[in-house]
Amino acid sequence: MSTTTLRDKVAIVTGAARGIGLAAVRRLVADGAFVLALDLPGSGLSGPNPQVEPIEADVAEADDWQRVVEHAQARFGRLDILVNNAGIGGFIGPLVDYPVESFDQVMAVNARGVFLGMKHSAPAMSNGGSIVNISSISGIGGGANTLGYTASKHAVIGMTKLAAIEFAPRRIRVNAVCPAPTATEMMFELAREKSPDDVEGFRRGFEKNIPLGRYGEANEVAAAIAFFASDEASFSTGAVLTVDGGMRAR
């Protein structure tokens, strides 16, 4: 349902072409925001929507962040919301077999991208603002066979808490959302890679570990993002919210 809770707000959403990022764009637009939707060249960013501007950018590149934030300031004179969503899964396998190049790649997108997003966006939030970093339940616990992903998502939570303290005097709130397995292309790709002959069996195996018995939906994660982005969360900063069907309640 459309609301006006973010009317006249300007937002940047990364990893915006699909999955949670696309759901976040749609939710922020429905709530009244104008969104600069970022993703890699060739990722399928599309329009038209008068409240969305697709922008090709690599979150791991400082020059791209500078260009995007300068564009936001030139066009709107402000930036209110940053959703650091872009992320990749990386290699799946034991720590001792984990390729160094895969570790570096995952950290570049999932951790460096969040750092650069906050570094370049916060100075443009002259009227205060909200930063929402997408971590994962893997950023809270451990697990196995996902070293780069787990390390990067723990880093996101650490950076979120640090930035919440540093940015508080400037009225910039910084919070993290931690989804469980969500029905997005990232999980579907993982299923096809690891269980090509029984994709549904792969999914059922994951769902057995979720108390609510199913994957999350991207729009459910987007609802948490929209809450933190809005003034409804005006006294929330440094928070880590799981959207996980009860997985971390065990």
Enter the distance from [X]:[atom1] to [Y]:[atom2] here, rounded to the nearest 0.5 Å.
{"X": "Ser43", "Y": "Asp58", "atom1": "OG", "atom2": "CG", "value": "11.0 Å"}
{"X": "Ile157", "Y": "Ser152", "atom1": "CD1", "atom2": "OG", "value": "10.5 Å"}
{"X": "Phe115", "Y": "Met159", "atom1": "CZ", "atom2": "CE", "value": "8.5 Å"}
{"X": "Leu82", "Y": "Ile131", "atom1": "CG", "atom2": "CD1", "value": "5.5 Å"}
{"X": "Thr237", "Y": "Arg171", "atom1": "OG1", "atom2": "CZ", "value": "13.0 Å"}
{"X": "Met125", "Y": "Phe167", "atom1": "CE", "atom2": "CZ", "value": "8.5 Å"}

Fill in: Electrostatic pair Arg27:Asp31 at N-O distance under 4.0 angstrom
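Yes, this pair counts.
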Worksheet item: Do Glu220 and Arg214 meet the salt-bridge criterion of a basic N to acidic O distance under 4.0 Å?
Response: yes
Can you name the nearest heavy-atom pair linking [X] to [Y], along with the distance?
{"X": "Ser135", "Y": "Pro179", "result": "O-CD, 3.5 Å"}
{"X": "Val243", "Y": "Ala224", "result": "CG2-CB, 3.9 Å"}
{"X": "Ile140", "Y": "Cys178", "result": "CD1-SG, 3.9 Å"}
{"X": "Gly19", "Y": "Ala218", "result": "O-CB, 3.9 Å"}
{"X": "Gly141", "Y": "His154", "result": "O-NE2, 2.7 Å"}
{"X": "Phe228", "Y": "Ala233", "result": "CA-CB, 3.8 Å"}

Item to complete: Walk me through it: do Val221 and Thr182 pass the test side chain to side chain contact (heavy atoms under 4.5 Å, CB included)?
Response: CA-CA 9 Å; Val221 183; Thr182 305; 4.2 Å; yes
Does [X] belong to the same Ile/Leu/Val/Met/Phe/Trp/Tyr cluster as [Y], with side-chain heavy atoms less than 4.5 Å apart forming each link?
{"X": "Phe227", "Y": "Ile134", "result": "yes"}
{"X": "Val114", "Y": "Ile55", "result": "yes"}
{"X": "Ile20", "Y": "Val35", "result": "yes"}
{"X": "Val106", "Y": "Phe103", "result": "yes"}
{"X": "Val29", "Y": "Leu22", "result": "no"}

Worksheet item: Between Thr160 and Asn133, is a side chain to side chain donor-acceptor pair (under 3.5 Å) present by the stated rule, with each step listed?
Response: CA-CA 7 Å; Thr160 296; Asn133 296 325; 2.9 Å; yes
Less than 4.5 Å apart, any side-chain heavy atom of [X] and any of [Y]?
{"X": "Leu28", "Y": "Lys9", "value": "no"}
{"X": "His120", "Y": "Leu79", "value": "no"}
{"X": "Leu38", "Y": "Val68", "value": "yes"}
{"X": "Met247", "Y": "Pro211", "value": "yes"}
{"X": "Lys153", "Y": "Asn110", "value": "yes"}
{"X": "Val174", "Y": "Ser130", "value": "no"}
{"X": "Leu116", "Y": "Val59", "value": "no"}

Item to complete: Could you tell me whether the side chains of Glu70 and Gln66 share a donor-acceptor contact shorter than 3.5 Å?
Response: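 Yes, because at least one side-chain N or O of Glu70 sits under 3.5 Å from a partner of the opposite role on Gln66.
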Worksheet item: Can you find a side-chain donor-acceptor pair between Asn84 and Thr14 that sits under 3.5 Å?
Response: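 Thr14 and Asn84 do not have a side-chain donor-acceptor pair below 3.5 Å.
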When you measure from the side chain of [X] to the backbone N and O of [Y], does any donor-acceptor pair fall under 3.5 Å?
{"X": "Asn219", "Y": "Ala222", "value": "no"}
{"X": "Asp80", "Y": "Gly129", "value": "no"}
{"X": "Asn145", "Y": "Ile92", "value": "no"}
{"X": "Ser230", "Y": "Glu232", "value": "yes"}
{"X": "Asp39", "Y": "Leu45", "value": "no"}

Worksheet item: Checking side chain to side chain contact (heavy atoms under 4.5 Å, CB included) for the pair Val83/Ile12: CA distance, chi angles, key distance, verdict?
Response: CA-CA 6 Å; Val83 180; Ile12 293 173; over 6 Å; no
Fill in: Arg26 and Val52: CA distance, side-chain angles, deciding distance, side chain to side chain contact (heavy atoms under 4.5 Å, CB included) verdict
CA-CA 9 Å; Arg26 290 171 172 166; Val52 180; over 6 Å; no
Worksheet item: What class does the angle between the rings of Phe76 and Phe34 fall in, given that below 30° is parallel, 30 to 60° is tilted and above 60° is perpendicular?
Response: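 Phe76 vs Phe34 ring planes: tilted.
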[atom1] of [X]: more than 12 outside heavy atoms within 6.0 angstrom?
{"X": "Gln51", "atom1": "CD", "result": "yes"}
{"X": "Ile165", "atom1": "CD1", "result": "no"}
{"X": "Arg7", "atom1": "CZ", "result": "no"}

Worksheet item: Hey, mind stepping through Lys119 and Trp65 against side chain to side chain contact (heavy atoms under 4.5 Å, CB included) and telling me if it holds?
Response: CA-CA 9 Å; Lys119 175 181 174 65; Trp65 273 110; over 6 Å; no
